[in-house]
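Quick notes on the structure that follows.
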Amino acid sequence: MSFMMQTNITANTSNGNTNVYQNGMKIYSATTSVLPFHDKVKMYDANNQLMLVVVVTGFYGIKRKVTLKANHLNLDIFFEVHSKNIVFIVNQKQIVFKQASRLFKFEGDFYVDAIYVGSIKNKMSFFKSELIYDFLKDNEMNYFCIILSLILLRDKFHSTG
């Protein structure tokens, strides 16, 4: 994983696939497979190398479980589910996304160890959604916030692949 200066981070989402760009260069991509009773999210880096595979089970959030199926980041990471929130734990730091209640929009705030670090705004068009990430400062944890958002996006814009 490379960490560059964070000035302009956006993501384009269509048909369950999301590409994340930093200063116009693709840094991540994610594909979502919607299967009976679970969703699978595969995340790739800028070189199209598989980083993570995550499976989310549960019916409309009931008995939700997040399972890490592949981790190629060489980091100690795992997921916990607390009420409606998925907590992404990276090297003992807890990342939570608190989604705002906006009809058909994926927007909200990121917290690392209960401290606000940034947010997502959503610009929507007919078949496409553009996310704009805004972080308070450059920090390695921002990239893990983005990864968490890619997992959460799985049930917003489905694909069948």
Side-chain angles (χ1 to χ4, degrees), residues 1-58 64-81 85-97 99 106-113 117-123 127-161:
M1 234 196 258
S2 64
F3 302 101
M4 306 180 318
M5 191 171 141
Q6 244 176 247
T7 55
N8 180 12
I9 299 178
T10 60
N12 293 319
T13 300
S14 179
N15 287 337
N17 300 315
T18 304
N19 293 310
V20 180
Y21 299 91
Q22 182 172 8
N23 300 322
M25 302 283 292
K26 185 160 74 167
I27 59 170
Y28 297 133
S29 62
T31 60
T32 302
S33 300
V34 179
L35 304 164
F37 306 111
H38 72 278
D39 299 337
K40 182 187 288 186
V41 181
K42 293 181 180 179
M43 287 165 268
Y44 302 89
D45 66 14
N47 299 315
N48 210 28
Q49 297 297 310
L50 185 65
M51 297 187 317
L52 297 173
V53 177
V54 176
V55 172
V56 181
T57 57
R64 184 185 312 188
K65 183 178 177 185
V66 181
T67 306
L68 184 62
K69 292 293 188 180
N71 175 5
H72 298 287
L73 295 177
N74 297 320
L75 295 169
D76 183 22
I77 63 175
F78 60 98
F79 298 90
E80 292 180 357
V81 177
N85 290 324
I86 295 174
V87 180
F88 184 26
I89 301 170
V90 180
N91 292 338
Q92 300 178 344
K93 293 191 178 284
Q94 294 188 2
I95 302 168
V96 174
F97 178 72
Q99 189 168 347
F106 183 76
E107 296 184 334
D109 300 325
F110 292 106
Y111 294 83
V112 176
D113 292 336
V117 296
S119 64
I120 297 177
K121 299 290 182 219
N122 189 320
K123 288 183 4 183
F127 286 109
K128 194 169 156 182
S129 176
E130 180 183 28
L131 302 173
I132 300 166
Y133 294 87
D134 183 24
F135 293 104
L136 294 179
K137 61 183 180 177
D138 292 344
N139 187 315
E140 177 183 17
M141 294 309 290
N142 297 351
Y143 293 92
F144 297 106
C145 291
I146 294 167
I147 289 171
L148 175 60
S149 74
L150 295 175
I151 295 165
L152 296 173
L153 276 168
R154 82 188 189 291
D155 59 357
K156 302 298 175 197
F157 308 101
H158 290 299
S159 72
T160 57

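All values derive from a computational prediction rather than experimental measurement.
Atom CG in D134 sits 12.5 Å away from atom OG1 in T10 (nearest 0.5 Å). Here Y111 contributes atom OH and Q94 contributes atom CD; the two are 14.5 Å apart, rounded to the nearest 0.5 Å. Here OG of S119 is found 11.0 Å from CG of L131. Values are rounded to the nearest 0.5 Å. Between the CZ atom in F135 and the CD1 atom in I9 there is a gap of 5.5 Å [rounded to 0.5 Å]. Rounded to the nearest 0.5 angstrom, I147 CD1 and I77 CD1 are separated by 7.0 Å. Atom CG in L150 sits 8.5 Å away from atom CG in L148 (nearest 0.5 Å).
Between the side chains of Y21 and E130, no donor N or O sits under 3.5 Å from an acceptor N or O.
Listed here is the closest heavy atom pair of K93 and M141: CB-CE, 3.8 Å. What you find for L73 and N71 is that their closest heavy atoms are N-OD1, 2.9 Å. Closest of all the heavy-atom pairs between A30 and M43 is CB-CG, 4.0 Å. Closest approach of Y133 to S149, counting heavy atoms only: OH-OG, 2.7 Å. Here the closest non-hydrogen pair linking H38 and V55 is CD2-CG1, 3.6 Å. Of all non-hydrogen atoms in K137 and N142, the two that sit nearest each other are O-ND2, 2.8 Å.
Side-chain contact check for V53 versus K40: some heavy-atom pair is nearer than 4.5 Å. Taking the side chain as every heavy atom from C-beta outward, L136 and V117 never approach each other to under 4.5 Å.
Listed for the D39 side chain is no donor-acceptor partner under 3.5 Å among the backbone atoms of V34. Not one N or O on the side chain of N47 forms a donor-acceptor pair closer than 3.5 Å with the backbone of Q49. In this structure a side-chain-to-backbone donor-acceptor pair under 3.5 Å is missing from D76 to Q92.
Not counting sequence neighbours, the partners of F79 by the ring pair (Phe, Tyr, Trp, His ring centres under 6.0 Å) test are F88. The ring pair (Phe, Tyr, Trp, His ring centres under 6.0 Å) check on Y44 picks up nothing, with sequence neighbours excluded.
In summary, of the residues considered (I151, I86, D109, I120), a side-chain contact (heavy atoms from CB on, under 4.5 Å) with F97 occurs for I120 alone.
Surrounding CG of N74 are at most 12 heavy atoms belonging to other residues, nucleotides or ligands under 6.0 Å away.
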